[in-house]
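Below is one structure; the comments refer to it alone.
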Amino acid sequence: MQKQRKYNDKELNSAVSELQSYRELKHIIGNLKMKREEYRERYTALQGIDYSGVRVSGGLRKDKMVETAIAWADLDLLVKNKEVECERLFWDITAKLEQLQPNERKVLELYYIKGYNIEKVASIMCYCTRQVRRIKQDGLIKYEKMSYNVL
């Protein structure tokens, strides 16, 4: 995870948090997909076992297969909703990034969308880290002004 710098400008921090939220949402989706896969595997394993006669301490009969299928379906729906939210956020961010200078756009994409650190971005773009930080700062200021104008 990248070490995030806090800026003195509150609006600039909001631009940074908007850009970071995309990557965080992608991370959440990845975790939910892993959990969904666990439920799918559990459901597949339960298909061969008949739990129709299992009672829970004098209570009603429980069907583990149905419970697992419901949990799996709930997670599947949650993943799909998060993916739609992520896609919408990605297109909003991309529309704003397209209005920046090419080098600013590339730095912000590599740093915030791809998650590379400053040294890796500098290596990819063949700039020194100081230059990348300057380009990133300039790009964030312009990005923040676009976000401010939209609201």
Side-chain angles (χ1 to χ4, degrees), residues 1-100 104-125 129 132-133 136-137 139-151:
M1 195 70 174
Q2 297 171 342
K3 178 183 174 190
Q4 296 302 324
R5 178 178 177 211
K6 294 289 184 189
Y7 296 95
N8 293 333
D9 187 359
K10 194 179 352 176
E11 284 82 19
L12 201 57
N13 283 327
S14 72
V16 168
S17 69
E18 181 181 331
L19 287 164
Q20 288 173 332
S21 65
Y22 172 76
R23 198 172 58 239
E24 291 168 1
L25 195 54
K26 290 292 275 188
H27 181 70
I28 290 169
I29 290 170
N31 288 340
L32 288 172
K33 283 182 177 181
M34 286 190 312
K35 190 165 182 104
R36 181 182 63 180
E37 183 63 22
E38 290 173 13
Y39 276 107
R40 187 194 65 74
E41 289 172 359
R42 191 178 305 162
Y43 179 79
T44 304
L46 288 173
Q47 282 181 332
I49 304 170
D50 181 20
Y51 282 102
S52 60
V54 175
R55 288 183 181 265
V56 178
S57 301
L60 297 174
R61 292 182 180 196
K62 281 194 142 189
D63 191 350
K64 292 283 187 190
M65 203 162 137
V66 171
E67 289 176 0
T68 303
I70 290 170
W72 179 19
D74 289 344
L75 268 176
D76 194 43
L77 180 63
L78 183 60
V79 167
K80 287 178 183 175
N81 289 339
K82 290 288 185 185
E83 285 176 335
V84 167
E85 181 184 342
C86 187
E87 187 75 18
R88 189 173 296 126
L89 181 60
F90 175 76
W91 288 112
D92 289 345
I93 289 171
T94 302
K96 292 175 189 174
L97 289 177
E98 288 296 320
Q99 298 176 32
L100 298 175
E104 294 168 342
R105 179 182 334 117
K106 181 113 176 156
V107 167
L108 293 181
E109 283 176 353
L110 291 172
Y111 189 79
Y112 289 106
I113 305 298
K114 300 283 186 183
Y116 296 144
N117 61 21
I118 290 290
E119 290 78 20
K120 179 76 172 172
V121 174
S123 171
I124 290 170
M125 296 190 67
T129 57
V132 170
R133 283 190 182 97
K136 180 178 149 236
Q137 175 93 16
L140 282 173
I141 290 169
K142 291 177 185 175
Y143 185 93
E144 175 265 322
K145 286 179 182 175
M146 282 183 270
S147 297
Y148 184 71
N149 289 338
V150 170
L151 300 174

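Just so we're clear, the structure is a prediction, and the values are computed from it rather than from any experiment. All values below come from the heavy atoms of this structure, side chains included, with hydrogens, waters and symmetry mates left out.
- The distance from the CG atom of L97 to the CE atom of M146 is 7.0 Å, given to the nearest 0.5 Å.
- Of the inter-residue distances, the one linking K33 atom NZ with L75 atom CG reads 12.5 Å to the nearest 0.5 angstrom.
- L110 has its side chain out of reach of K120: every pair of non-hydrogen atoms, C-beta onward, lies at least 4.5 Å apart.
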(request) Carefully, step by step, assess V121 and K136 under the rule side chain to side chain contact (heavy atoms under 4.5 Å, CB included). (result) CA-CA 10 Å; V121 174; K136 180 178 149 236; over 6 Å; no
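- A cation-pi geometry, defined here as NZ or CZ lying under 6.0 Å from the six-membered ring centre and within 45° of its normal, holds between R42 and Y39.
- Residues Y22 and D92 fail the side-chain proximity criterion, which asks for heavy atoms closer than 4.5 Å.
- Contact annotation: the side chain of V79 never approaches that of K82 to less than 4.5 Å [non-hydrogen atoms, C-beta and beyond].
- You'll find the side chain of I113 stays beyond 4.5 Å of the side chain of R23, heavy atoms only.
- Between Y143 and V16 the shortest side-chain heavy-atom distance does not fall below 4.5 Å.
- Contact of the N81 side chain with the E85 side chain is not registered, since no non-hydrogen atoms from C-beta on lie closer than 4.5 Å.
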(message) I'd like to know whether E109 forms a side chain to side chain contact (heavy atoms under 4.5 Å, CB included) with K114, so could you lay out the CA-CA distance, the side-chain angles of the two residues, the decisive distance to 0.1 Å, and finally the verdict.
(response) CA-CA 6 Å; E109 283 176 353; K114 300 283 186 183; 5.6 Å; no
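- In this structure, the separation between CZ on R105 and NZ on K142 is 11.0 Å, given to the nearest 0.5 Å.
- Between L108 and I93, the closest side-chain pair of non-hydrogen atoms is not below 4.5 Å.
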(request) Could you go through the side chain to side chain contact (heavy atoms under 4.5 Å, CB included) check for M34 and N31 one step at a time? (result) CA-CA 5 Å; M34 286 190 312; N31 288 340; 3.6 Å; yes
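- Considering CD of E144 and NZ of K96, their distance stands at 10.5 Å, rounded to 0.5 Å.
- In this structure a side-chain-to-backbone donor-acceptor pair under 3.5 Å is missing from S123 to E119.
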(request) Would you please test D76 and K80 for salt bridge (charged side-chain N to carboxylate O under 4.0 Å, His left out) and show each step? (result) CA-CA 6 Å; D76 194 43; K80 287 178 183 175; 3.4 Å; yes
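- Separating the CG atom in L32 from the CG atom in L25 is a distance of 9.5 Å, to the nearest 0.5 Å.
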(request) Walk me through it: do E38 and K35 pass the test salt bridge (charged side-chain N to carboxylate O under 4.0 Å, His left out)? (result) CA-CA 5 Å; E38 290 173 13; K35 190 165 182 104; 5.4 Å; no
